[in-house]
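Below is a structure I'd like to ask you about.
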Amino acid sequence: MIVIHSWTFRRWNVLLCFLPFTLFIGLAIIIFIHINNTFSEVDNQPPNALAGKQMPNTILPALSYGDTVDSIFDVKNFKDRVTLINFWGSWCFSCREEHSFLMTLSNNPLFDFISINYGDTEENALRFLGTFGNPFRISGFDPNGRAAINWGIYGVPETFIVNKEGIILHRHIGPLTPMLFKNKLMPIIIQSSR
């Protein structure tokens with residue numbers, strides 16, 4: 001009887017030693033699954049302070065590339081059409097990453113596609129467009145980042161959707177992808193094009 005009791009006691013003692021570890025692993029798995037589902041369901045973007053407001057008045061020198069004849073980039077020239085404004089820099093790895101997709105957007109009839117080159121040299125910006133192609137109707141040149149500050153840029157690339165009245169409808173921080181553009185940006189563009 002004593003032998004059976006001590007064997008049972010030792011067995012429970014061993015099981016009790018592993019119980020906290022087992023509970024910890026189980027809880028960690030549940031938390032991981034919850035966090036993973038939360039981030040995949042939610043648009044993980046910070047709030048847009050400019051949403052619903054008039055876009056900042058932005059007048060910059062234009063990058064003179066190819067057949068671009070405008071020497072001034074003025075956002076007021078893009079009212080009456082839905083406009084995508086992409087902030088980018090030649091030094092930005094994510095900008096290079098998204099650029100091949102941006103090239104597919106260059107002739108979309110639903111919107112004007114313009115850009116603001118940020119924190120760059122004109123030589124490097126023009127070399128970038130010469131190497132990878134120019135999807136933009138016009139590019140403003142913002143070497144000191146003043147326009148980027150007015151737009152509240154966190155870092156490039158960032159893309160804004162502006163409606164025909166010059167109101168900012170949406171902001172996306174990070175590189176654009178075909179899936180994201182189709183599922184998130186295109187419905188906004190179509191709705192505001194009507």
Subject >> Asp74 side chain to Asn77 backbone, donor-acceptor under 3.5 Å >> reply: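 No, the answer is negative, given that no donor and acceptor are paired below the 3.5 Å cut-off.
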
**OP:** Would you sort out whether Phe113 and Ile85 count as a side-chain contact (heavy atoms from CB on, under 4.5 Å), showing the intermediate values?
**Re:** CA-CA 6 Å; Phe113 194 23; Ile85 303 175; over 6 Å; no

**OP:** Take the angle between the ring planes of Phe101 and Phe181 and call it parallel below 30°, perpendicular above 60°, tilted in between.
**Re:**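 Taking Phe181 first and then Phe101, their aromatic rings stand perpendicular (interplane angle over 60°).
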
Original post:
Leu105 versus Pro135: any side-chain heavy-atom pair under 4.5 Å?
Top reply: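 Heavy-atom side-chain distance check fails, nothing below 4.5 Å.
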
Subject >> Results of salt bridge (Lys or Arg N to Asp or Glu O under 4.0 Å) for Glu98 - residues two or more places apart only >> reply: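 Glu98 satisfies salt bridge (Lys or Arg N to Asp or Glu O under 4.0 Å) with no other residue.
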
Subject >> Pair Leu60-Thr58, side-chain contact (heavy atoms from CB on, under 4.5 Å): steps then yes or no >> reply: CA-CA 6 Å; Leu60 296 166; Thr58 308; 3.9 Å; yes

Original post:
Would you say Ser139's side chain and Asn117's backbone share a donor-acceptor pair under 3.5 angstrom?
Top reply: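 No: the side chain of Ser139 does not pair with the backbone of Asn117.
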
Original post:
Between Phe128 and Trp91, is the ring centre distance below 6.0 Å?
Top reply: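 Centroid distance Phe128-Trp91: not below 6.0 Å, so no.
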
Original post:
With a 4.0 Å cut-off, would you call Lys79 and Glu165 a salt bridge?
Top reply: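 No salt bridge links Lys79 with Glu165.
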
Original post:
Does His99 reach the main-chain N or O of Gly133 with its side chain, forming a donor-acceptor pair under 3.5 Å?
Top reply: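 Yes: the side chain of His99 pairs with the backbone of Gly133.
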
Original post:
Cut-off 3.5 Å, side chains only: do Asn86 and Thr159 have a donor facing an acceptor?
Top reply: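 Yes, because at least one side-chain N or O of Asn86 sits under 3.5 Å from a partner of the opposite role on Thr159.
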
**OP:** Just say parallel, tilted or perpendicular for the rings of Phe160 and Phe87, cut-offs at 30° and 60°.
**Re:**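 Geometry flag for Phe87 against Phe160: perpendicular rings.
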
**OP:** Please determine if Asp112 and Arg81 form a salt bridge, counting it only when a charged side-chain N lies under 4.0 Å from a carboxylate O.
**Re:**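 Judged by the 4.0 Å cut-off on N to carboxylate O distance, Asp112 and Arg81 do form a salt bridge.
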
Original post:
Within the distance-only criterion (no hydrogens, no angle test), does the side chain of Lys164 pair as donor or acceptor with the backbone N or O of Ser193 below 3.5 angstrom?
Top reply: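 Side chain of Lys164 to backbone of Ser193: a pair is present.
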
Original post:
Ignoring hydrogens and geometry, is there a side-chain-to-backbone donor-acceptor pair from Asp142 to Ile116 under 3.5 Å?
Top reply: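 No: the side chain of Asp142 does not pair with the backbone of Ile116.
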
Original post:
Okay, side chain of Arg127, backbone of Glu122: is any donor-acceptor separation there less than 3.5 Å?
Top reply: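 No, the answer is negative, given that no donor and acceptor are paired below the 3.5 Å cut-off.
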
Original post:
For the side chain of Thr121 and the backbone of Asn124, is there at least one donor-acceptor N/O pair under 3.5 Å apart?
Top reply: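 Yes, because the side chain of Thr121 sits within donor-acceptor range (under 3.5 Å) of the backbone of Asn124.
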
Original post:
Taking Asp120 for the side chain and Ser90 for the main chain, is one N or O donor matched with an acceptor at less than 3.5 Å?
Top reply: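 Pair found, side chain donor or acceptor close to backbone of Ser90.
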
